[in-house]
> 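Supplied in structure tokens, the structure appears directly below.
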Amino acid sequence: MSNDPPSPVSSPLSYLELVKICDNFRLPHNHGSTDVFQKPSDIDSFVPWTLSQSPRSPAVGLLRLDVVDLLRKEKPGTWVIPEPQAGHRVSFDASVNTPRKRTAVLKELCERWRDTGVFPASIGPRKWRNEMYPVYRNPFGAHEYYPENDSDEGLGNYAFEMERAACALFGVVTYGIHVTIYQGIASSPQVKIWVPTRAKTKQTWPSWLDNSVAGGIPSGMPVFESLVKECEEEASMDADIVRNHAKPVGAISYFFRNRMHFLQPEVEYVYDLGVPHDTPFQPRPSDGEVESFDLLSLDEVKSKMRQGIFKPNCAVVLIDFFVRHGHLIPDDEPDYMEIVTRLHGRFEYERWCQQV
């Protein structure tokens, strides 16, 4: 994440360079070996976080070594941190074995870290979101939610929930929605796109350009309802316009490491919304997260993307829009296949719990 306003680059970025800014992390070759623990201050090495110590327990996150060291100091009965060895993994204690218990352990821990100044750039009072995000056993599985059930039996994919600001500290996969709102014909060179400027007061990426409407998916809210909520809150849009005209067009996923060297593997569900030609339309800032909205031509959008002043994941969503509507084609883009395949990564998930 960035706390600074954007600064245009001196040389225009290629589309592949824009993708690489967002999809910017790969696990080191020695991930899963005992070599990882030779340098406790190493910010490039990560340890898998699983629900239990069972070999069949799924990985739900990737922890930096300094986070592991802090967890090692926690009271008995909450965390299990074996001595460093190949296949080493951090997990909840065996007694912390239901979604409600896991959520409670993380709530107490993260609030205490916030109040005592641990990782203030990530979870300090100014960064705290007071919004819960779901964590799933399978990050590519169903979005299920059972917060009140105190048993793991029959719960499917839902594992627990945690404070949004803390997700990067624990390297968990998070989810969001992005909608590109356009006027005209999407495949036409004359199409125009509504582009917001993020508020100067935003906790992250202040004053950067954004996708038309975007936001995280909080615990317990279906994907499409998150889209409707964000459109109402960020752009003062009538819910009927969203429900009648927003079209699901897929998803993108990328492995991002932020400026503090914490991991943010993210999935963004992508929508297109073509404004009906006979409908007056003007998005208006509502909740203080957006400074203004501008209707930009395709060439203006491309130019500002290549200046590097779009929030990185928003540039990637727009690249996906260009691919789908024929504004970025293999005959004109030598990096086309690398771009397209990197828009749909799996975070090297199969390697998270590997043993070397």
Side-chain angles (χ1 to χ4, degrees), residues 22 129-136 139-145 157-158 161 164 167 173-183 186 191-199 202 204-205 208-254 264-276 279 281-295 301 310-325 343-344:
C22 189
R129 306 299 286 267
N130 201 31
E131 182 178 1
M132 300 299 279
Y133 268 10
V135 177
Y136 301 109
F140 309 106
H143 287 216
E144 299 166 325
Y145 185 60
N157 203 30
Y158 176 70
E161 61 186 7
R164 174 178 179 171
C167 287
V173 178
T174 59
Y175 305 84
I177 56 90
H178 280 244
V179 58
T180 301
I181 303 174
Y182 63 90
Q183 297 198 196
V191 68
K192 292 188 175 182
I193 297 173
W194 283 101
V195 176
T197 299
R198 293 166 67 87
K202 281 284 289 181
T204 57
W205 308 100
W208 290 68
L209 299 185
D210 210 321
N211 209 261
S212 303
V213 174
I217 301 175
S219 288
M221 185 168 288
V223 177
F224 189 74
E225 292 307 311
S226 296
L227 172 69
V228 174
K229 176 182 78 75
E230 291 294 338
C231 286
E232 290 179 318
E233 293 178 354
E234 288 190 3
S236 306
M237 293 174 62
D238 188 276
D240 287 342
I241 292 179
V242 183
R243 295 188 187 281
N244 292 332
H245 299 288
K247 307 299 181 187
V249 292
I252 65 167
S253 47
Y254 47 85
Q264 294 179 244
E266 294 183 325
V267 173
E268 307 291 355
Y269 293 95
V270 179
Y271 291 78
D272 286 352
L273 195 160
V275 178
T279 302
F281 182 78
Q282 171 65 59
R284 301 183 310 277
S286 174
D287 61 1
E289 296 199 359
V290 170
E291 198 80 25
S292 61
F293 286 91
D294 294 293
L295 186 61
V301 172
F310 270 89
K311 184 171 175 274
N313 64 343
C314 298
V316 170
V317 171
L318 285 167
I319 290 172
D320 176 70
F321 181 90
F322 296 165
V323 169
R324 290 185 288 102
H325 294 293
L343 292 177
H344 306 96

> Does Phe321 have any ring-ring contact (aromatic ring centres under 6.0 Å, His included) partners at least two apart in sequence or in another chain, and if so, which?
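Scan of Phe321 (ring-ring contact (aromatic ring centres under 6.0 Å, His included), adjacent residues dropped) gives Tyr182, His325.
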> Restricting to non-hydrogen atoms, name the atom on Gly220 and the atom on Pro222 that form the minimum distance, rounded to 0.1 Å.
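Answer, listing the atom of Gly220 first, then Pro222: O-CD, 3.8 Å.
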> Say you draw a straight line from CD of Glu268 to OG1 of Thr174; how long is it, rounded to the nearest 0.5 Å?
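Between Glu268 CD and Thr174 OG1, I get 7.0 Å after rounding to 0.5 Å.
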> List the steps and the verdict of side chain to side chain contact (heavy atoms under 4.5 Å, CB included) for Glu230 and Ile177.
CA-CA 9 Å; Glu230 291 294 338; Ile177 56 90; 4.0 Å; yes
> When you compare the side chain of Asp287 with that of Glu234, does any pair of heavy atoms fall below 4.5 Å?
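In short, these two side chains touch, coming nearer than 4.5 Å.
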> Without swapping roles, check the side chain of Ser226 against the backbone of Ile217 for a donor-acceptor pair under 3.5 Å.
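No.
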> Run the salt-bridge test on Asp210 and Arg198 with the 4.0 Å N-O cut-off and return the result as yes or no.
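Yes, Asp210 and Arg198 are salt-bridged.
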> If you take all heavy atoms of Val275 and Thr279, which pair is closest and at what distance?
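Minimum heavy-atom contact is CG1-O, 3.9 Å.
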> Nearest 0.5 angstrom please: His143 NE2 to Met221 CE, how far?
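So the NE2 of His143 and the CE of Met221 are separated by 14.0 Å.
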> Strictly by modelled atom types, are Ser219 and Glu161 linked by a side-chain donor-acceptor pair under 3.5 Å?
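Side-chain D/A pair, Ser219 to Glu161: present.
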> Tyr175: which residues meet the side-chain hydrogen bond (donor to acceptor under 3.5 Å, both in side chains) condition with it, sequence neighbours left out?
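Scan of Tyr175 (side-chain hydrogen bond (donor to acceptor under 3.5 Å, both in side chains), adjacent residues dropped) gives none.
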> If we count only N and O atoms by modelled type, under 3.5 Å, do the side chains of Tyr254 and Glu266 hold a donor and an acceptor together?
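Yes, because at least one side-chain N or O of Tyr254 sits under 3.5 Å from a partner of the opposite role on Glu266.
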> With a 4.5 Å heavy-atom cut-off, do Asn211 and Leu318 have their side chains touching?
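A side-chain contact exists here, since the closest heavy-atom pair is under 4.5 Å.
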> Taking only residues two or more places apart in sequence, or in another chain, which ones meet Glu233 in a salt bridge (charged side-chain N to carboxylate O under 4.0 Å, His left out)?
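Counting only residues at least two positions away or on another chain, Glu233 forms a salt bridge (charged side-chain N to carboxylate O under 4.0 Å, His left out) with Lys229.
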> Would you find a donor on one side and an acceptor on the other, under 3.5 Å apart, between the side chain of Thr197 and the backbone of Glu291?
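Checking the backbone N and O of Glu291 against the side chain of Thr197, no donor-acceptor pair under 3.5 Å is found.
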> Would a 4.5 Å heavy-atom cut-off, applied to side chains only, mark Val317 and Phe310 as touching?
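No, too far: nothing below the 4.5 Å cut-off.
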> Taking the side chain as everything from C-beta on, heavy atoms only, tell me whether Pro312 gets closer than 4.5 Å to Trp205.
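Yes, at least one pair of side-chain atoms sits under 4.5 Å.
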> Going through the distances and angles, do Leu295 and Ile193 end up as a side chain to side chain contact (heavy atoms under 4.5 Å, CB included)?
CA-CA 6 Å; Leu295 186 61; Ile193 297 173; 5.8 Å; no
> Hey, mind stepping through Val173 and Tyr133 against side chain to side chain contact (heavy atoms under 4.5 Å, CB included) and telling me if it holds?
CA-CA 10 Å; Val173 178; Tyr133 268 10; over 6 Å; no
> Could you note down all residue pairs passing ring-ring contact (aromatic ring centres under 6.0 Å, His included) where residues 224-243 supplies at least one of them, sequence neighbours left out?
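Those involving residues 224-243 are Phe224-Tyr271.
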> Rounded to the nearest 0.5 Å, what separation is found between the CG atom of Asn313 and the CD1 atom of Ile252?
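Spacing of CG (Asn313) from CD1 (Ile252) equals 6.5 Å.
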> What is the distance from atom CG of Asp320 to atom CG of Leu343, rounded to the nearest 0.5 Å?
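Separation between the atoms: 6.0 Å.
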> Could you check Val223, Val179, Val249 and say which one makes a side-chain contact (heavy atoms from CB on, under 4.5 Å) with Tyr269?
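By the side-chain contact (heavy atoms from CB on, under 4.5 Å) criterion, Tyr269 pairs with just one of Val223, Val179, Val249: Val223.
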> Any sub-3.5 Å donor-acceptor pair from His344's side-chain atoms to Ala251's backbone N or O?
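The answer is yes, because a donor-acceptor pair under 3.5 Å joins these two groups.
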> First locate atom CG of Asp272, then atom NE2 of His178, and finally report the distance between them rounded to the nearest 0.5 Å.
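Separation between the atoms: 13.0 Å.
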> Testing the basics here: between Ser236 and Pro285, what is the closest heavy-atom pair and its distance to 0.1 Å?
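Minimum heavy-atom separation between Ser236 and Pro285: OG-O, 3.9 Å.
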> Identify, with sequence neighbours excluded, every residue that meets salt bridge (charged side-chain N to carboxylate O under 4.0 Å, His left out) alongside Lys192.
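Counting only residues at least two positions away or on another chain, Lys192 forms no salt bridge (charged side-chain N to carboxylate O under 4.0 Å, His left out).
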> To the closest 0.5 Å, what do you measure between CZ (Phe293) and CH2 (Trp194)?
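Answer for the CZ-CH2 pair, Phe293 versus Trp194, is 9.0 Å.
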> Of all heavy-atom pairs between Ser212 and Ile181, which one has the smallest distance, and what is that distance?
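Answer, listing the atom of Ser212 first, then Ile181: OG-N, 2.9 Å.
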> Given side chain to side chain contact (heavy atoms under 4.5 Å, CB included), test Glu232 with Met237 step by step and report yes or no.
CA-CA 5 Å; Glu232 290 179 318; Met237 293 174 62; 5.8 Å; no
> Not counting sequence neighbours, list each pair that qualifies as a side-chain hydrogen bond (donor to acceptor under 3.5 Å, both in side chains) and has a residue in residues 239-249.
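The answer is Glu225-Arg243.
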